[in-house]
Amino acid sequence: MMTWQDKLRQVDPYEAGEQPQIKDLIKLNTNENPYDPGIKVKEAIQCFQSSELALYPNPDADELKHVIAKYHGLNDNQVFLGNGSDEVLALTFLTCFNGQEPILFPDISYSFYPVYCHLYHIPFQKQPLNELFEIVKEDYYQPNSGIIFPNPNAPTGCLVSLEFIEDILKHNSNSVVVIDEAYIDFGGQSAVPLLKKYPQLLIIQTFSKFRSLAGIRLGVALGNPELISKLYDVKNSFNSYPIDRLAQVIGKASMEDSEYIQNNAQKIIKTREWLKKELKDLGFVMPDSYANFVFVKHPEYDAETLFHELRARGILVRYFNKERINQYLRITIGTQEQMQKLIEEIKFIL
């Protein structure tokens, strides 16, 4: 006889980056933006009336959806909103990946993808990156029930071109192709222009990185109206009020302050390029990153040891104890001052 414990679902959950409560820690492990989200966000929070929290939010977040659509040159019915891009991804897996063939994604990529597959019983196949940690597009020219990969990829930071994405779309007219653009604003070109030609394309973005709003949990999907409508059908079967009132107000203010936020991104890009040169001068090797992080290893120094050495000195980076990448560290780009401190400590350790 089965016990009640036997009837509980058993899953291996996603392991998020550590969020320690340590004073004066330089936190470079979860790719948060080191800069303030801006004066318009601050003003929107200050003007928000707490009495509004007694009422349910607009279920479709119409005003926020409209400013996002306008920013990307799309119609309102091409925008889907969720609580962070992780929820958007979860609903995308439920909505779009329901065929008999496996879905395809890189073997080194966002580690939530296989978690969703196991949770929803979706067959999947990991396609190995090459020795340079690059996606091999020909690996995606085969029968499948969907394709997903980040651009730039995580945790490698490697970027593919719009021509690369278009080649995959041309070979997969009968599958939804999802481009996860969490880091696209730190050096890449969004695939949004391809939406006009490819109805099977879905683009997912987040307010957490580029817009310095990891704390409000706001994610976006961009696609053709039919695809977005199906996402809303699934969302409304799960939670009809996903974006709270305050998050809608903050998100709208952020969209209206995009020039300031783009200037912050340029600071991060400049610091990233400086850091890459400094690390290379110290003997580190790395793929060329177009994200707000770098993915590095030192041929003569164990990555896990370096991780612990840095943590003991008040600097937290991300270590992945996984096949192929267990000698690499992922380092978020912080302020210039934080990166200078990082280099000083690494020089001392080495």
Side-chain angles (χ1 to χ4, degrees), residues 27-28 30-50 52-53 57-88 151-152 179-193 195 203-222 228 242-273 290-293 332-339:
K27 189 171 178 294
L28 307 174
T30 51
N31 299 339
E32 292 147 319
N33 193 313
Y35 297 106
D36 188 275
I39 188 66
K40 290 189 178 181
V41 166
K42 182 178 180 180
E43 291 173 347
I45 294 171
Q46 291 173 336
C47 294
F48 185 81
Q49 300 297 314
S50 61
E52 295 185 41
L53 296 177
N58 180 318
D60 295 319
D62 291 314
E63 291 187 11
L64 175 57
K65 186 186 300 183
H66 179 71
V67 296
I68 292 172
K70 185 178 179 180
Y71 179 83
H72 290 290
L74 303 173
N75 297 319
D76 291 11
N77 62 359
Q78 292 182 270
V79 178
F80 175 88
L81 297 169
N83 283 302
S85 60
D86 287 333
E87 182 181 73
V88 177
N151 191 42
I179 308 301
D180 185 350
E181 291 189 342
Y183 304 101
I184 195 64
D185 296 287
F186 298 107
Q189 183 180 359
S190 173
V192 167
L195 290 173
I203 298 165
I204 295 178
Q205 297 185 353
T206 178
F207 278 60
S208 296
K209 316 298 184 185
F210 173 59
R211 295 188 175 275
S212 303
L213 290 172
I216 69 165
R217 313 309 303 127
L218 187 58
V220 181
L222 308 170
I228 295 301
I243 312 302
D244 67 70
R245 279 180 173 267
L246 183 55
Q248 290 185 33
V249 168
I250 292 173
K252 183 171 180 286
S254 175
M255 294 302 301
E256 293 168 348
D257 210 5
S258 293
E259 183 177 352
Y260 163 81
I261 292 163
Q262 288 166 352
N263 287 335
N264 285 343
Q266 290 302 313
K267 293 179 187 177
I268 290 171
I269 291 169
K270 182 178 179 180
T271 300
R272 180 190 68 206
E273 296 307 304
Y290 289 84
N292 69 333
F293 57 82
T332 302
I333 305 302
T335 64
Q336 183 68 28
E337 292 74 21
Q338 288 174 328
M339 297 298 96

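For clarity, every value in this text was computed on a predicted model and none was experimentally measured.
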task: Measure the spacing between CG of N75 and CG of L195 and express it to the nearest 0.5 Å.
output: 11.0 Å
Any R211 side-chain heavy atom under 4.5 Å of M255 side chain: yes
field: D36 and S212, any side-chain heavy atoms less than 4.5 Å apart
entry: no
task: Could you check if a side-chain atom of F48 sits within less than 4.5 angstrom of a side-chain atom of L53, using non-hydrogen atoms only?
output: yes
query: Is any side-chain heavy atom of N264 closer than 4.5 Å to a side-chain heavy atom of P34?
result: no
field: Check: N292 side chain, N31 main-chain N or O, donor-acceptor pair, under 3.5 Å
entry: yes
- request: Apply ring-ring contact (aromatic ring centres under 6.0 Å, His included) to F186 and list each qualifying residue two or more places apart in sequence or on a separate chain.
  value: none
query: Sequence neighbours excluded, which residues qualify as salt bridge (Lys or Arg N to Asp or Glu O under 4.0 Å) partners of K27?
result: E32
- prompt: Looking only at atom types and distance, does a side-chain atom of D185 sit under 3.5 Å from a main-chain N or O of F210, one as donor and one as acceptor?
  reply: no
task: Please answer whether the main-chain N or O of E181 pairs with a side-chain N or O of N151 as donor and acceptor at a distance below 3.5 Å.
output: no
message: Quick check with a 6.0 Å cut-off and a 45 degree axis cone: is K267 positioned over the face of Y35's six-membered ring?
response: yes
field: Any donor-acceptor N/O pair, Q248 side chain to R245 backbone, under 3.5 Å
entry: no
- prompt: Given the rule in the side chain to side chain contact (heavy atoms under 4.5 Å, CB included) test, do I39 and V41 qualify, once you have shown the distances and angles that lead to the verdict?
  reply: CA-CA 5 Å; I39 188 66; V41 166; over 6 Å; no
query: Of all heavy-atom pairs between P59 and P242, which one has the smallest distance, and what is that distance?
result: O-CD, 4.0 Å
- prompt: Ignoring hydrogens and geometry, is there a side-chain-to-backbone donor-acceptor pair from D244 to A247 under 3.5 Å?
  reply: yes
- prompt: Any side-chain heavy-atom pair from I269 and T271 closer than 4.5 angstrom?
  reply: no
- request: With the side chain counted from C-beta on, respond yes when Y71 and V192 share a heavy-atom pair under 4.5 Å apart, and no when they do not.
  value: no
task: Any pair with a residue in residues 247-260 that passes salt bridge (charged side-chain N to carboxylate O under 4.0 Å, His left out), sequence neighbours left out, goes on the list, sorted by first then second residue, please.
output: K252-E256
- prompt: For D86, what residues pass the side-chain hydrogen bond (donor to acceptor under 3.5 Å, both in side chains) criterion, not counting sequence neighbours?
  reply: Y110
task: With rounding to the nearest 0.5 Å, note down the distance linking CD1 in I228 to CG in D76.
output: 11.5 Å
- prompt: Taking C-beta and beyond as the side chain, do N83 and L218 meet within less than 4.5 Å on heavy atoms?
  reply: no
field: Atom pair CD1/CG of I333 and L28 - distance to nearest 0.5 Å
entry: 8.0 Å
Side chain to side chain contact (heavy atoms under 4.5 Å, CB included) between I68 and V220, intermediate numbers included: CA-CA 9 Å; I68 292 172; V220 181; 3.9 Å; yes
field: Other residues, nucleotides, ligands: >12 heavy atoms within 6.0 Å of Q262 CD
entry: yes
- request: Run through L81, T206, I204 and flag the one making a side chain to side chain contact (heavy atoms under 4.5 Å, CB included) with V88.
  value: I204
message: Go through it in stages, so that I can follow the logic: the residues are K65 and K70, the test is side chain to side chain contact (heavy atoms under 4.5 Å, CB included), and I'd like the CA-CA distance, side-chain angles, deciding distance and then a yes or no.
response: CA-CA 9 Å; K65 186 186 300 183; K70 185 178 179 180; over 6 Å; no
query: Taking only residues two or more places apart in sequence or in another chain, which ones pass ring-ring contact (aromatic ring centres under 6.0 Å, His included) with F207?
result: none
task: Determine, stepwise, if the pair L213 / S208 fulfils side chain to side chain contact (heavy atoms under 4.5 Å, CB included).
output: CA-CA 4 Å; L213 290 172; S208 296; over 6 Å; no
- prompt: With a 4.5 Å heavy-atom cut-off, do I184 and I179 have their side chains touching?
  reply: no
task: Hey, could you give me the CD1/OG1 distance between I268 and T332, rounded to the nearest 0.5 Å?
output: 10.0 Å
field: For Y183, ring-ring contact (aromatic ring centres under 6.0 Å, His included) partners two or more places apart
entry: F293
- line: dist S258:OG -> K40:NZ (nearest 0.5 Å) comes out at 8.5 Å
message: To the nearest 0.5 Å, what is the distance between CD on Q338 and OG1 on T335?
response: 3.5 Å
